[in-house]
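I have placed the structure first, in the form of structure tokens, so that the comments after it can refer back to it.
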Number of protein chains: 2
Amino acid sequence: MAEPRWLDDRQSRAWLGYRRMRLLLDAQISRDLHRDSGLSDADYDVLSALTARQDRRWRLQELADRMLWSKSRLSRHISRMEERGLVSREECATDGRGAVIVLSEGGWRAIQEAAPPHVESVRRHLIDLLTDEQLDALGDISDIVLSNLASDDA
Amino acid sequence: MAEPRWLDDRQSRAWLGYRRMRLLLDAQISRDLHRDSGLSDADYDVLSALTARQDRRWRLQELADRMLWSKSRLSRHISRMEERGLVSREECATDGRGAVIVLSEGGWRAIQEAAPPHVESVRRHLIDLLTDEQLDALGDISDIVLSNLASDDA
DNA sequence: TAGCGCTCGTTGACATGTAAACCAAGTTCG
DNA sequence: CGAACTTGGTTTACATGTCAACGAGCGCTA
């Protein structure tokens with residue numbers, strides 16, 4: 001490889017800033033979530049995905065795809081959430097191999113209670129700190145990066 | 001709690017975009033790093049921190065503070081890196097309890113070889129996709145979020 | 001319809017993170 | 001000085017993630 005194109009000051013500030021923000025912001029929001037509702041990030045994401053469906057149920061594989069998780073990760077996590085009464089497994093009527101993940105009554109209550117303080121936390125640590133222009137810039141950047149990654153895959 | 005202040009479209013786009021970008025971008029850059037040089041993100045961060053010092057050595061606690069890692073995490077990670085010949089431990093001359101982490105010759109070579117393709121990966125998936133204005137916006141956002149978190153602590 | 005290959009979900013073996021207990025070495029203060 | 005407290009690092013117990021192998025069921029095709 002020829003002399004690498006190192007990052008200049010502006011680029012370096014953006015990259016290091018992003019990395020450190022990611023490290024600290026996510027940790028803080030996770031801590032808030034866990035303190036306020038006893039849920040982990042992963043728990044919250046699973047419960048959110050389940051409520052996004054009217055019948056509050058997903059096939060395991062579909063849910064894993066949507067969340068960009070491995071099947072194995074989701075299967076293990078569902079087992080733990082099942083023990084805590086947040087979700088349950090049912091057999092799939094149309095596929096003997098299938099597992100259907102269902103939001104339980106307890107899971108519904110948990111996400112209902114967790115959501116308001118979680119939104120407040122996200123606002124306090126990120127959203128309410130930014131101008132509309134900055135929010136748009138963050139949305140734009142995410143779109144650009146994500147569509148670039150998607151085109152890599154193809 | 002009164003009716004929560006849910007996120008509007010602009011805010012929601014920024015937040016969900018950030019979350020998904022973080023998930024996919026970091027995974028991709030980690031994969032590239034591991035494929036190109038056999039190092040994990042954590043390995044790379046430790047080696048980078050060590051090279052930032054002229055004498056290429058840090059007290060364990062100081063290094064943990066700088067990286068925002070727990071002592072226990074760093075201690076374990078150093079043990080694994082030690083087995084691979086990337087770093088070594090030395091006793092501390094001024095504090096009998098202390099451990100000094102030293103970059104080894106192998107670690108120096110590893111980071112030298114890893115850095116150029118890593119920078120390319122960061123450029124390809126993030127930096128080179130953005131305009132100067134977007135880079136500045138990302139830097140600004142990070143600064144705002146980080147200084148807000150710092151003031152929370154105080 | 002029998003066989004073969006693929007998919008679905010689970011699991012075993014292992015990598016890595018956290019929280020808390022622990023030991024040893026410093027430090028403070030009567 | 002010396003007991004009590006603090007600090008630095010390691011370790012134990014456990015939580016959670018990955019990869020690869022597995023068993024069971026689906027479905028194409030000969």
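Sequence lines set the chain letters: A, B, ... in the order given, protein chains first and strands last, and positions in each chain run from 1. All heavy atoms count here, side chains included; hydrogens, waters and symmetry mates do not.
- Nearest-nucleotide positions on DNA chain D for A:Gly96 and A:Ser40 put A:Ser40 closer to the 5' end.
- The nucleotide whose nearest atom lies closest to any side-chain atom of B:Arg80 is, among C:dT18, C:dT16, D:dT18, C:dT16.
- Distance B:Arg76 CZ to D:dG9 C1': 12 Å, rounded to the nearest Å.
- Results of the side-chain contact (heavy atoms from CB on, under 4.5 Å) test with B:Val87 over B:Val102, B:Asp43, B:Leu50 single out B:Leu50 as the only residue that passes.
- The listed nucleotides are D:dT18, C:dT18, C:dG17; the one nearest the side chain of B:Ser70 is C:dT18.
- Counting only heavy atoms from C-beta on, B:Ser75 has its side chain closest to D:dT11 among C:dG17, C:dC8, D:dT11.
- For B:Arg109 and B:Gln112, the side-chain atoms include no donor-acceptor pair closer than 3.5 Å.
- Side-chain N/O atoms of A:Arg97 and base N/O atoms of D:dG27 include no donor-acceptor pair closer than 3.5 Å.
- Crowding of A:Asp9 atom CG: a count of heavy atoms from other residues, nucleotides or ligands under 6.0 Å not exceeding 12.
- Straight-line distance from the CH2 atom of B:Trp69 to the C1' atom of D:dG9: 16 Å, rounded to whole Å.
- Going from atom CD1 of B:Ile78 over to atom P of D:dG8 covers 17 Å, rounded to whole Å.
- When the nucleotides D:dG8, D:dT18, C:dC8 are ranked by their closest atom to the side chain of B:Asp95, D:dG8 comes out on top.
- A:Arg31 places its CZ atom 15 Å from the C1' atom of C:dG17, with the value rounded to the nearest Å.
- In the set C:dT11, D:dG17, D:dG8, D:dG8 carries the atom at the smallest distance from any side-chain atom of B:Gln61.
- Distance CG (B:Asp41) to P (C:dT16): 12 Å, rounded to an integer number of Å.
- Atom pair A:Leu74:CG and D:dT16:P shows a separation of 14 Å (rounding to whole Å applied).
- For A:Arg89 against C:dT10, a side-chain-to-base donor-acceptor contact under 3.5 Å is absent.
- In this structure, the side chain of A:Arg123 engages the main chain of B:Arg5 through a donor-acceptor pair within 3.5 Å.
- Classified by interplanar angle (parallel below 30°, tilted 30° to 60°, perpendicular above 60°), the ring pair A:His118/A:Tyr44 is tilted.
- D:dT16 atom C1' lies 11 Å from atom CG of A:Asp43, rounded to whole Å.
- Per the geometry, CG belonging to A:Leu39 stands 16 Å off C1' belonging to D:dA15, to the nearest Å.
- Close to C:dG17, at under 4.0 Å from its OP1 or OP2, lies a side-chain N or O of B:His77.
- When each of C:dG9, C:dT16, D:dT10 is scored by its nearest atom to the side-chain atoms of B:Leu60, the top-ranked nucleotide is D:dT10.
- Under the 3.5 Å distance criterion, the side-chain polar atoms of A:Ser37 are left unmatched by any main-chain donor or acceptor of A:Ala114.
- Looking at the side chain of B:Ala99, the nearest of the listed nucleotides C:dA20, C:dT11, D:dG9 is D:dG9.
- Between D:dT10, C:dT18, D:dG17, one nucleotide has an atom nearer to the side chain of B:Arg73 than all others, and that is C:dT18.
- Counting any heavy atom pair closer than 4.0 Å across all strands shown, A:Arg59 reaches sugar-phosphate atoms only and no base atom.
- The nucleotide whose nearest atom lies closest to any side-chain atom of A:Lys71 is, among D:dC19, D:dG9, C:dC8, C:dC8.
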